[in-house]
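Have a look at the structure below, then the notes.
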Amino acid sequence: MNERTITLHKLLLWIGRSAPQSQAGIFRFDRSKPRRFTGDLQQVTFEDLAGADEAKARLQEVVDFLRSPAKYHKLGARIPRGVLLVGPPGTGKTLLARAAAGEAGVPFFSISASEFIEMFIGVGDSRVRDLFEQAKATAPGIIFIDELDAVVRRRDAGLGAVNNEREQILNQLLIEMDGFGERHELIILAATNRPDMLDPALLRPGRFDRRVTVGLPDRKDRQGILQIHTRQLRLASDVNLGLLARTTTGLSGADLANLCNEAALTAARERHEMVQMVDFEEALDRTILGANRVILLNDLERRAAAYHEAGHALVAWLTPFADPVHKVTIIPHGRALAVIEQVPSGNAYNYSRSYLLARLAVLLGGRAAEEIALDDITTGAENDLVEATVLARSMIVRWGMGSLGLMALRNEETQPLLREQPSPRRDYSEETAARIDRDIQRILQDRYQAVIKLLTDAREHLDQLVQILLHD
């Protein structure tokens, strides 16, 4: 036997010995692979989260139980088996769940619901069983399932073919939750931004017993979030986090984290020694409005854009109840040729009719300024008119602010799983629909005429503002 034959023989022998182990690794796709966070890794606690005080308070009982379960067992209390975190994307649901585990000092198993899905039927429910087996072996602990609606959707929707794999996963999850003993020390946290899509069997008492709402941060919470995400930044003395908190209404915690990072990148690109307020302003413009665009506009287009934005701004300044104007520019951003930013004076959770009418006036101010100053109109008011029409319709149909009185109507009915495809049905007659159309036209026309008069009386201020915009 020559040397070449001996080498080939050794290679075949090695492949034969390795094959069983390789096959075992390949075909163990039924095993769940959650990301596990323990004390060996950097833990997150409630101190690392700004805002969400109500959500943290609701989870504090869960933390206390995981710290000292004997206290609750002694009294015969039954701790919730599952807690559902509901809120828009980017509000920190995952971070909040991980912070609860960090506060309790217990293992944290994190997995996305979509990871249960596999091309082979029956793998999903096997992964659910394996996940619970791993968690029970290290109890007390927390299982966190992100994007729960990706798998366990309602079964009675009656739309399309039945997905047997999803149903098996849902059934297995229900079985595992029902299998908890009276003295269980394992709690399931799940996150979703579509609770309406979940199966009712999952939400009944004894399974997901509690629902914790994680909403968008208010001004105070936004300032706290900005303070956390700017800890590692070298900030200049002119950076005003309170002002940034006021100008970032509607942004989530993830948006604010991205804003701070964008400001640091902007400062590095501009070769600033420290992150300045101007860097945050530019980063905010890029985040909300889009990046600056260098496009060539002729004098007529620039003048039309200037009068359009000046009309918005002047109406906002002169109209009571309107949000204050923060910035006006005719520098193109994103898809817009010009932009106006308004900053709410506070956190509003309920809007008055006076405020809504003021909002309509501001939206129509751009078109009115064009008609007054240019004796012509442009297509630049398209988005304004669409938003104004939607707002006027809501005032009449949903909020009882039109001639229909106190009736609240639905103008369309959506399917439970396909909300982007509304059905043509509605719960009112053609005569009522015609009344709604007349009300919308009347309220928009009344507001438009009031704005025309307002800008005509303030024509001198309108022209002055346009000159400033054109020469800025």
Legend entry - Over all atoms of both residues, closest heavy-atom pair of V315 and G365: CG2-CA, 3.9 Å

Legend entry - Pair K327 + E281, salt bridge at N-O below 4.0 Å: no

Inset, instruction - With salt bridge (charged side-chain N to carboxylate O under 4.0 Å, His left out) as the test, would you mind laying out the steps for K56 and E47 before giving the verdict? - result: CA-CA 10 Å; K56 289 188 287 189; E47 294 294 327; over 6 Å; no

Inset, instruction - Could you check if a side-chain atom of T213 sits within less than 4.5 angstrom of a side-chain atom of L85, using non-hydrogen atoms only? - result: no

Inset, instruction - Please report the closest heavy-atom contact between A392 and L360, naming both atoms and the distance. - result: N-CD2, 4.4 Å

Legend entry - Flag, side chain of K93 to backbone of G87, donor-acceptor distance under 3.5 Å: yes

Inset, instruction - Output all residues satisfying salt bridge (Lys or Arg N to Asp or Glu O under 4.0 Å) with R210, sequence neighbours left out; order by chain, then residue number. - result: E61

Inset, instruction - Using modelled atom types only, decide if a donor and an acceptor are shared between the side chain of T248 and the backbone of L244 within a distance under 3.5 Å. - result: yes

Inset, instruction - Might you work through the side chain to side chain contact (heavy atoms under 4.5 Å, CB included) test for S429 and T432, ending with a clear yes or no? - result: CA-CA 5 Å; S429 65; T432 302; 3.2 Å; yes

Inset, instruction - Please report the shortest heavy-atom distance between V62 and I187, naming the atom on each side. - result: CG1-CD1, 3.4 Å

Inset, instruction - Classify the ring geometry between H312 and H308 as parallel (under 30°), tilted (30 to 60°) or perpendicular (over 60°). - result: perpendicular

Inset, instruction - Give a yes or no answer on whether the side chain of D463 reaches the backbone of E460 with a donor-acceptor pair at less than 3.5 Å. - result: no

Inset, instruction - Check whether any side-chain heavy atom of L95 lies under 4.5 Å from a side-chain heavy atom of L49, and answer yes or no. - result: yes

Legend entry - Over 12 non-hydrogen atoms of neighbours within 6.0 angstrom of CD in Q464: yes

Legend entry - Ion pair D437/R393, N-O distance below 4.0 Å: yes

Legend entry - V63 vs F46 side-chain heavy atoms within contact, under 4.5 Å: yes

Inset, instruction - May I ask you to say whether K220 pairs ionically with D218, meaning some side-chain N is under 4.0 Å from a carboxylate O? - result: no

Legend entry - Test item: L216 and S252 side chains (from C-beta on) under 4.5 Å apart, heavy atoms: yes

Inset, instruction - Decide yes or no on side chain to side chain contact (heavy atoms under 4.5 Å, CB included) for V451 and V362, but give the supporting numbers first. - result: CA-CA 8 Å; V451 169; V362 174; over 6 Å; no

Inset, instruction - Enter the distance from D64:CG to E103:CD here, rounded to the nearest 0.5 Å. - result: 11.0 Å

Legend entry - Atom pair CG/CD1 of D384 and I340 - distance to nearest 0.5 Å: 9.5 Å

Inset, instruction - Look up atom SG in C260 and atom CG in L265, then write down how far apart they are to the nearest 0.5 Å. - result: 11.5 Å

Legend entry - Least distance between heavy atoms, L186 atom then I142 atom: CD1-N, 4.3 Å

Legend entry - Sequence neighbours excluded - side-chain hydrogen bond (donor to acceptor under 3.5 Å, both in side chains) pairs with any residue from residues 227-245: none

Legend entry - Shortest non-hydrogen contact between A316 and A322, atoms and distance: O-CB, 3.7 Å

Inset, instruction - Look only at the side chain of T192 and the backbone of R194, and say whether a donor-acceptor pair between them is shorter than 3.5 Å. - result: yes

Legend entry - Evaluation steps, side chain to side chain contact (heavy atoms under 4.5 Å, CB included), between I145 and L189: CA-CA 6 Å; I145 304 176; L189 300 182; over 6 Å; no

Legend entry - Nearest-0.5 Å distance, CG of residue L148 to CG of residue N193: 11.0 Å

Legend entry - 4.5 Å side-chain heavy-atom contact, L203 and R211: yes

Legend entry - Inter-residue atom distance D221.CG - D53.CG, 0.5 Å rounding: 6.0 Å

Inset, instruction - Could you tell me the separation between the CZ atom of R359 and the CG atom of L363, rounded to the nearest 0.5 Å? - result: 4.0 Å

Inset, instruction - Taking the side chain as every heavy atom from C-beta outward, state whether L469 and T329 have any atom pair closer than 4.5 Å. - result: no

Legend entry - Salt-bridge criterion met for E382 and R367 (N-O under 4.0 Å): no

Legend entry - Under 3.5 Å donor-acceptor, R222 side chain and P217 backbone: yes

Legend entry - Short side-chain donor-acceptor distance under 3.5 Å, E370 and T378: yes

Inset, instruction - Before accepting this row, confirm whether a basic side-chain N of the pair R435/D439 lies closer than 4.0 Å to the acidic partner's carboxylate O. - result: no

Inset, instruction - Can you establish whether the number of heavy atoms outside E54 located under 6.0 Å from its atom CD is more than 12? - result: no

Legend entry - Donor-acceptor contact below 3.5 Å, side chain D279 vs main chain Q276: yes

Legend entry - Side chain to side chain, F280 and T266, heavy atoms closer than 4.5 Å: no

Inset, instruction - Please assess R303 against D299 for the test salt bridge (charged side-chain N to carboxylate O under 4.0 Å, His left out), listing each intermediate value before the final yes or no. - result: CA-CA 6 Å; R303 187 165 178 264; D299 292 340; over 6 Å; no

Inset, instruction - List the steps and the verdict of side chain to side chain contact (heavy atoms under 4.5 Å, CB included) for L406 and W399. - result: CA-CA 8 Å; L406 301 180; W399 304 323; over 6 Å; no

Legend entry - Minimum heavy-atom distance between I436 and I396, given as atom pair plus value: O-CD1, 4.3 Å

Legend entry - Any L243 side-chain heavy atom under 4.5 Å of M277 side chain: yes

Inset, instruction - Could you verify whether a donor N or O on one side chain and an acceptor N or O on the other, from Y448 and E371, lie under 3.5 Å apart? - result: yes

